[in-house]
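Read the structure below first, then the notes.
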Amino acid sequence: MPELPEVEIICRGIAGHVVNQQIVKVVIRNNKLRWPIWTNLAKNLSQQTIKVINRRAKYILVTCTHGTLIIHLGMTGKLRVVASNTLATKHDHIDFLLSNGNVLRYTDPRRFGSIHWTTKMPREHKLLLHLGVEPLTIKFSGAYLFDRTREKNVNIKSLLMDQAIVVGIGNIYANEALFHAGIRPTRPAKTISLSEYTVLVKQVKFILKKAINKGGTTIKDFVNAEGKPGYFVQELMVYGRIGRFCYQCNTALQNIRLNQRSTVFCPVCQR
DNA sequence: ACGCTCTCCTGGCCGC
DNA sequence: TGCGGCCAGGAGAGCG
């Protein structure tokens, strides 16, 4: 489940292999992603050159000569660079054949991901228009969260995962950040103080940066552009540790569902 | 506007 | 070995 660190790793990983390369051909084997891929995408992209790879929220932005590809990996999406003779398997839905002989390959078993094409500024695209602040920028601060939540009854974990407030945080890092901040996931957002939000923001930034440095979190199948896993899973304090004990106080971790998402916390360390 | 639930999808795992 | 049921969850759609 790629969140900000995993998407960032993918972007960095593919950039060196695809930037300044011409797209020779696009092969779409299955256009049924979350939304159908634009019918003319293959024809339109052919002969364009990839200029820049960027990330906004969990979207990968591939800026080409005459527009931008907006790629979301959903739950199980992968974007890898492979040699052109690498055989496509069942869930390899799209290949971008490049002038250097490599293939930028999109793979997605569950097909929760999406690919859009825009000729406008990507930020004006409807999927990106209402996104919140980037968590690794100065705009994401304790004061920002405090100000945005004075009327919010929603629990803090759902708020952290609300992409209209702050982007890039999914279930894994929301669980982890709340543990590190000592805040219980069920707390209504409006009951959290400015000083608590300041700690939470600091922990979110710390965890996201650390996860990027470890190459992301591989729970089941995340791999980077070269097909290698990440190692942040070894740092997880609560996510995936249902039925086990808190590393800090040895209390049994509690497992609940918030907004249909598995939520794990320490009832002693998190208040 | 807000907050909740439903929905899309496949692979892996469990129990029988 | 097969089959049904459940779970994983990003995020838009729809509803009260």
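Lettering of chains follows the sequences in order, A, B, ..., and the numbering in each one begins at 1.
- Residues that satisfy the ring-ring contact (aromatic ring centres under 6.0 Å, His included) test with Tyr197(A), not counting sequence neighbours, are absent from this structure.
- Judged as a salt bridge (charged side-chain N to carboxylate O under 4.0 Å, His left out), and not counting sequence neighbours, the contacts of Glu8(A) are Arg12(A), Arg55(A).
- With sequence neighbours excluded, the residues that form a side chain to side chain donor-acceptor pair (under 3.5 Å) with Asn155(A) are Ser158(A).
- In this structure Phe232(A) satisfies the ring-ring contact (aromatic ring centres under 6.0 Å, His included) test together with Tyr173(A), sequence neighbours excluded.
- At a cut-off of 3.5 Å, with distance as the only test, no side-chain donor of Lys51(A) or Thr65(A) sits close to an acceptor on the other residue.
- Nucleic acid contact class of Asp108(A) (heavy atoms, under 4.0 Å, all strands): none.
- OP1 or OP2 of dA11(C) has at least one side-chain nitrogen or oxygen of Lys58(A) nearer than 4.0 Å.
- Remark on the helix from dC2(B)-dG16(C) to dC16(B)-dG2(C): inter-end axis angle 50°, axes from five-pair C1' superpositions, rounded to 10°.
- For DNA chain B, the residues of residues 154-167 of chain A within the heavy-atom distance limit of 4.0 Å (strictly under) are Val154(A), sorted by number.
- Gln47(A) pairs by the side chain to side chain contact (heavy atoms under 4.5 Å, CB included) definition with Gln22(A), not counting sequence neighbours.
- Contact between the side-chain N/O atoms of His91(A) and the OP1/OP2 oxygens of dC9(B) is not found at any separation under 4.0 Å.
- In the set dT10(B), dG10(C), dT5(B), dG10(C) carries the atom at the smallest distance from any side-chain atom of Arg261(A).
- Residue Gln260(A) is the one, among Gln260(A) and Lys90(A), whose nearest nucleotide of DNA chain B lies closer to the 5' end (criterion: closest heavy atom).
- Arg29(A) meets the salt bridge (charged side-chain N to carboxylate O under 4.0 Å, His left out) test with Asp95(A); sequence neighbours excluded.
- Contact annotation: His72(A) reaches the phosphate of dA11(C) (side-chain N/O to OP1 or OP2, under 4.0 Å).
- For Lys32(A), the side chain to side chain contact (heavy atoms under 4.5 Å, CB included) partners are Asn30(A), Arg111(A), not counting sequence neighbours.
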Protein-nucleotides 12-16 of chain C N/O pairs under 3.5 Å:
{"residue": "dG12(C)", "atom": "O4'", "partner": "Arg34(A)", "partner atom": "NH2", "Å": "2.9"}

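- Taking every heavy atom of residues 252-259 of chain A and every atom of DNA chain C, pairs under 4.0 Å involve Arg257(A), by number.
- If you measure from atom OH of Tyr173(A) to atom C1' of dG9(C), you get 15 Å, rounded to the nearest angstrom.
- Under a 4.5 Å side-chain heavy-atom cut-off, the cluster of Ile, Leu, Val, Met, Phe, Trp and Tyr residues that includes Val167(A) is completed by Trp35(A), Tyr59(A), Leu61(A), Ile70(A), Leu127(A), Leu128(A), Leu131(A).
- The aromatic ring of Phe112(A) does not sit over the base of dA11(C), since the test of centres under 5.5 Å and planes under 30° is not met.
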